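Chain A is the first sequence line, chain B the second, and so forth, proteins listed ahead of strands; every chain is numbered from 1. Note that this is a predicted model, so its numbers are computed, not measured.
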Protein chains: 2
Amino acid sequence: MRTLDHPERDEMRLDTVLAALADPIRRHIACRLNSTDDDHACATFELPVSKSTSTYHFRTLREAGVIRQEYQGTSIMNSLRKDDLDARFPGLLDSVFTAQNIEGGAAVISA
Amino acid sequence: MRTLDHPERDEMRLDTVLAALADPIRRHIACRLNSTDDDHACATFELPVSKSTSTYHFRTLREAGVIRQEYQGTSIMNSLRKDDLDARFPGLLDSVFTAQNIEGGAAVISA
DNA sequence: CTCGTACTTCGACAGTTACCGTACTACGAA
DNA sequence: TTCGTAGTACGGTAACTGTCGAAGTACGAG
């Protein structure tokens with residue numbers, strides 16, 4: 001079974017988390033994981049980029065500590081590390097999602 | 001009198017604001033403007049970079065809408081656009097400052 | 001008017017980021 | 001065991017970022 005590295009809660013760096021969330025595609029992924037409670041495979045996101053670029057964005061989020069990725073057969077189940085993020089940087093995630101909703105409205109990913 | 005361009009409240013982009021705050025030097029500037037109420041000239045920050053690099057970071061913050069810069073003689077008075085930011089992206093700034101304090105503790109700018 | 005101070009502008013540069021396509025691996029199903 | 005699906009790894013690339021120093025500008029003070 002393949003496994004993937006995740007930072008511990010107290011290893012999360014604000015620089016990295018903010019940089020991860022500064023990208024519209026990655027924010028879209030995080031928002032979507034936040035709004036529905038279940039896990040999602042990478043492929044279900046229909047991002048406007050190639051598969052290899054998707055991998056890159058998911059990895060960036062995982063390495064920042066924003067999402068958790070776990071293999072399940074040939075797929076990866078992605079979930080938001082909301083508890084960990086909230087414990088480490090209280091309120092940050094919520095304020096970003098709120099901001100995203102305010103600004104984005106319908107725009108989603110026009111990038 | 002020289003003047004500097006600032007985005008309107010509703011022109012502020014989440015991408016840009018998050019990218020601005022993702023840099024430790026810029027976050028340091030913003031945090032310091034937040035913790036003391038008065039305006040500050042650029043030179044009072046003693047950043048660990050050259051003068052031209054300072055200019056670049058201050059400009060990045062201003063163009064994102066995070067700070068306001070106004071000439072006063074040969075100096076520039078910098079202030080945090082807290083009201084505007086809070087109106088546009090409620091809670092965002094505070095959660096970033098909280099996160100900065102949690103993580104940074106004493107570190108300030110070790111970058 | 002001349003000088004110093006405070007900041008900007010410019011060009012250069014190294015490093016990083018976001019992106020792609022091709023080739024690959026790991027797993028489940030047939 | 002062979003095939004399809006899901007995602008990774010790699011090499012390349014264009015654009016962006018953070019940095020510098022040198023030269024320039026705008027203002028206040030003398």
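D/dT17 atom P lies 11 Å from atom CG of B/D23, rounded to whole Å. Computed from coordinates, the B/L61 CG to C/dT8 P distance equals 12 Å when rounded to whole Å. In this structure, CG of B/L18 is placed 14 Å from P of D/dT17, rounded to the nearest angstrom. Atom CG of B/L47 and atom C1' of D/dT19 are 13 Å apart (whole Å).
OP1 or OP2 of C/dC19 has not a single side-chain nitrogen or oxygen of A/T53 nearer than 4.0 Å. A close approach under 4.0 Å does not occur between any side-chain nitrogen or oxygen of A/T74 and OP1 or OP2 of D/dA6. Taking side-chain N and O atoms only, A/H57 has a distance below 4.0 Å to OP1 or OP2 of C/dC19.
The side-chain contact (heavy atoms from CB on, under 4.5 Å) check on A/A30 picks up A/L21, A/V66, A/L80, A/F97, with sequence neighbours excluded.
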Please list, for nucleotides 8-13 of chain D, all pairs of protein and nucleotide N/O atoms separated by less than 3.5 Å.
unit_1, atom_1, unit_2, atom_2, d
D/dT8, OP2, A/T55, OG1, 2.7

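Put simply, the side chain of B/L18 reaches to within 4.5 Å of the side chain of B/L92, judged on heavy atoms. Residues B/M12 and B/R81 meet the side-chain proximity criterion, which asks for heavy atoms closer than 4.5 Å.
Each of D/dG7, D/dG18, C/dC20 was ranked by its minimum atom distance to the side chain of A/A43; first place goes to D/dG7.
B/T53 and B/S50 share a side-chain donor-acceptor pair at under 3.5 Å.
B/C31 and B/Q100 get closest at one heavy-atom pair: SG-CG, 3.4 Å.
A/L47 and A/L61 fall within a single hydrophobic cluster, where Ile, Leu, Val, Met, Phe, Trp and Tyr are joined by side-chain heavy atoms under 4.5 Å apart, directly or via other members.
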